[in-house]
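First up is the structure itself, then whatever we jot down about it.
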Amino acid sequence: MEANKILFFSAKPYDKAFFTQHNAAYGFELDFLETHLGPHIVNAVDEGTFAVCVFVNDKLTAEVIEVLADKGVKVIALRCAGFNNVHLETAKRLGIRVCRVPAYSPEAVAEHAVAMLLTLNRKTHKAYNRVREQNFALTGLLGFNLHGKTVGVIGTGKIGRAFCKIMLGFGCKVVAYDLFEDSELSNLGVQYSTFEEVLKQADILSLHCPLTPDNKYLICQETLNLMKPGVTIINTSRGGLIHTSNTIEALKTGQIGYLGIDVYEQEDKLFFKDLSGMIIEDDTIQRLMSFPNVLVTGHQAFFTEEALSQIAETTLHNVQQLNKGEEPDPAVILI
Ligand code: NAI
């Protein structure tokens with residue numbers, strides 16, 4: 001019988017729900033494992049598995065991919081956009097195809113960045129707790145208008161573009177830096193400038209560029225010194241864009257007025273897990289979370305029904321095409 005099974009790693013209840021629902025139209029055999037894929041578990045992959053479906057923290061090293069090839073696995077289906085965790089050369093050498101989901105609701109991430117901003121500038125996280133204690137006093141909840149403020153956007157690709165449009169709708173002045181300017185955004189009123197100029201002008205700065213070897217610690221002591229005192233920084237992109245200990249120092253001096261982060265450089269040890277009964281050994285995240293003007297969310301910006309539907313649909317479609325011997329769109333196929 002032809003292999004028809006997709007084996008999922010790092011599977012959460014929501015993965016199971018969305019993939020099961022969308023699979024009604026595809027008819028694959030789905031099997032879900034909670035553990036991440038790595039050398040410790042790869043031998044458990046049974047023969048007859050056509051594809052493994054993996055997420056950001058699964059480790060597809062050369063060693064792991066060699067075992068997958070021995071077991072007859074034909075496809076590595078990433079249910080995310082990034083692929084830095086897959087040893088592509090080994091997959092290529094062994095004839096395993098690798099596909100991904102290049103875009104899944106950029107609006108989901110842009111809207112979460114805005115949600116973080118609105119939480120911080122209107123202190124709704126504090127108000128929520130206060131009224132539950134029947135404390136209806138306003139002292140300490142003073143916010144500021146977004147209307148009329150200058151918003152700096154670093155990276156105006158799919159997510160940054162959606163974010164710019166929302167901020168223009170709020171009546172903000174939007175200044176942006178990208179390696180490539182988007183003429184549609186310029187026509188809408190976004191003003192492109194140099195990176196330094198954007199930092200100098202911004203009351204609020206939001207990061208929407210990918211993490212590359214060239215832009216690690218884009219936000220560090222040196223660049224923080226260029227910014228307006230009391231600047232608000234939002235990062236829904238990648239933790240490594242921000243030098244966390246420099247940021248903590250800037251929060252202590254008031255150079256940063258508010259910080260909202262959905263991503264954190266050491267997040268793979270923390271995020272996507274319930275650690276509520278554990279002792280967290282990472283003192284940096286504990287220090288960050290102790291500031292009243294810092295909001296941390298656990299890489300949830302993408303996490304909407306629309307995005308999960310898109311991820312399930314695109315992944316199953318990719319696997320189906322490869323299963324039928326059809327060539328998927330170049331945007332989704334990596335090898
Ligand atoms: P995209 O590829 O559509 O846009 C990225 C933009 O950044 C491009 O216009 C590119 O020219 C620009 N860019 C690259 N290097 C730059 C630099 N050094 N300075 C300024 N601009 C630069 O990517 P998309 O879909 O907008 O995603 C952006 C980032 O958002 C992803 O790389 C990822 O890190 C993050 N992300 C976060 C998610 C979350 O749940 N928190 C979910 C999905 C993506």
Side-chain angles (χ1 to χ4, degrees), residues 10 12 14-15 55-57 78-85 100-117 151-167 174-186 190-199 202 205-220 222-223 226 233-243 259-268 270-272 295-311 314-315 330-332 334:
S10 307
K12 303 287 183 198
Y14 46 83
D15 293 314
F55 196 50
V56 291
N57 290 328
L78 290 149
R79 53 180 190 278
C80 54
F83 49 89
N84 54 304
N85 52 336
R100 64 174 180 143
V101 185
Y104 40 90
S105 189
E107 290 78 15
V109 183
E111 288 173 15
H112 188 77
V114 178
M116 298 193 93
L117 177 55
V151 178
V153 180
I154 308 299
T156 54
K158 292 180 283 297
I159 296 169
R161 185 188 307 136
F163 181 79
C164 286
K165 289 180 182 174
I166 300 172
M167 290 294 97
V174 180
V175 291
Y177 169 70
D178 195 305
L179 312 175
F180 308 97
E181 297 189 7
D182 179 328
S183 56
E184 187 207 341
L185 287 179
S186 301
V190 172
Q191 297 172 24
Y192 278 95
S193 197
T194 60
F195 177 61
E196 286 74 17
E197 201 49 47
V198 170
L199 297 192
L205 186 75
S206 195
L207 306 180
H208 297 291
C209 59
L211 175 65
T212 67
D214 298 334
N215 65 14
K216 192 167 187 208
Y217 300 146
L218 199 64
I219 305 304
C220 61
E222 198 185 334
T223 51
L226 298 174
I233 300 178
I234 306 291
N235 186 12
T236 54
S237 208
R238 281 294 175 267
L241 291 171
I242 287 188
H243 191 293
L259 176 70
I261 53 170
D262 184 52
V263 286
Y264 170 60
E265 202 178 1
Q266 312 300 333
E267 69 177 51
D268 60 333
L270 303 167
F271 288 6
F272 307 120
L295 177 66
V296 180
T297 54
H299 209 136
Q300 74 171 81
F302 75 99
F303 197 57
T304 65
E305 289 182 15
E306 291 78 1
L308 290 193
S309 275
Q310 183 69 55
I311 289 169
T314 305
T315 306
V332 305
L334 295 165

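No experiment lies behind these values; they were computed from the predicted model shown. Computed from heavy atoms alone, side chains included, the values below leave out hydrogens, waters and symmetry copies. Just so you know, ligand 1 is whichever comes first in the structure, and atom 1 is the first atom listed for that ligand.
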The one among Cys209, Gly157, Pro102 that brings a heavy atom closest to atom 16 (C) of ligand 1: Cys209
Could Glu107 and Lys165 be called an ion pair, given the rule that one side-chain N must be under 4.0 Å from one carboxylate O? no
Heavy-atom nearest option to atom 5 (C) of ligand 1, drawn from Gly298, Pro210, Gly155, Gly82: Pro210
Please work out whether the ring planes of Phe302 and Phe55 are parallel, tilted or perpendicular, with thresholds of 30° and 60°. tilted
Over 60° means perpendicular and under 30° means parallel, so classify the ring planes of Phe303 and Tyr14, tilted if in between. perpendicular
Is Ser237 near ligand 1, meaning one of its heavy atoms is under 4.0 Å from it? yes
Test of understanding: given a 4.0 Å heavy-atom threshold, classify the contact between Asn215 and ligand 1 as side chain, backbone, both, or neither. side chain
Phe302 N/O to ligand 1 N/O under 3.5 Å: yes
Would you compute the distance between atom OH of Tyr264 and atom CZ of Phe271 and round it to the nearest 0.5 angstrom? 8.0 Å
contact_flag Leu179 ligand 1 heavy-atom lt 4.0 Å: yes
Give the residue and atom name of whichever protein heavy atom lies nearest to atom 23 (O) of ligand 1, and the separation in Å to one decimal. Lys158 NZ, 4.3 Å
Check Leu295 against Met116 and note the closest heavy-atom contact, atom names and distance. O-CE, 3.6 Å
Heteroatom distance test (Tyr104, ligand 1): nitrogen or oxygen, under 3.5 angstrom: no
Return the closest protein heavy atom for atom 44 (C) of ligand 1 as residue, atom name and distance. Ile159 CD1, 3.6 Å
Minimum-distance pair of heavy atoms, taken over all atoms of Asp178 and Gly157: OD2-N, 3.9 Å
How does His208 reach ligand 1, by side chain, by backbone, by both or by neither, if only non-hydrogen atoms under 4.0 Å count? backbone
Number the atoms of ligand 1 from 1 as they appear, then name those within less than 4.0 Å of a heavy atom of Tyr177, with their elements. 19 (N), 20 (C)
Under the side chain to side chain contact (heavy atoms under 4.5 Å, CB included) rule, what do Ile242 and Leu207 come out as? Steps first, then yes or no, please. CA-CA 10 Å; Ile242 287 188; Leu207 306 180; 4.0 Å; yes
Considering only protein heavy atoms, which is closest to atom 33 (C) of ligand 1, and at what distance to one decimal place? Arg238 NH1, 3.6 Å
Option with minimal heavy-atom separation from atom 37 (C) of ligand 1, where the choices are Val153, Thr236, Val109: Thr236
So how far is it from Ile234 CD1 to Ile261 CD1, rounded to the nearest 0.5 Å? 10.0 Å
Search all heavy atoms of Asp262 against all heavy atoms of Thr297 and return the closest pair with its distance. OD1-OG1, 2.6 Å
Looking only at protein heavy atoms, which one is nearest to atom 12 (C) of ligand 1, and how far off is it? Asp178 OD2, 3.2 Å
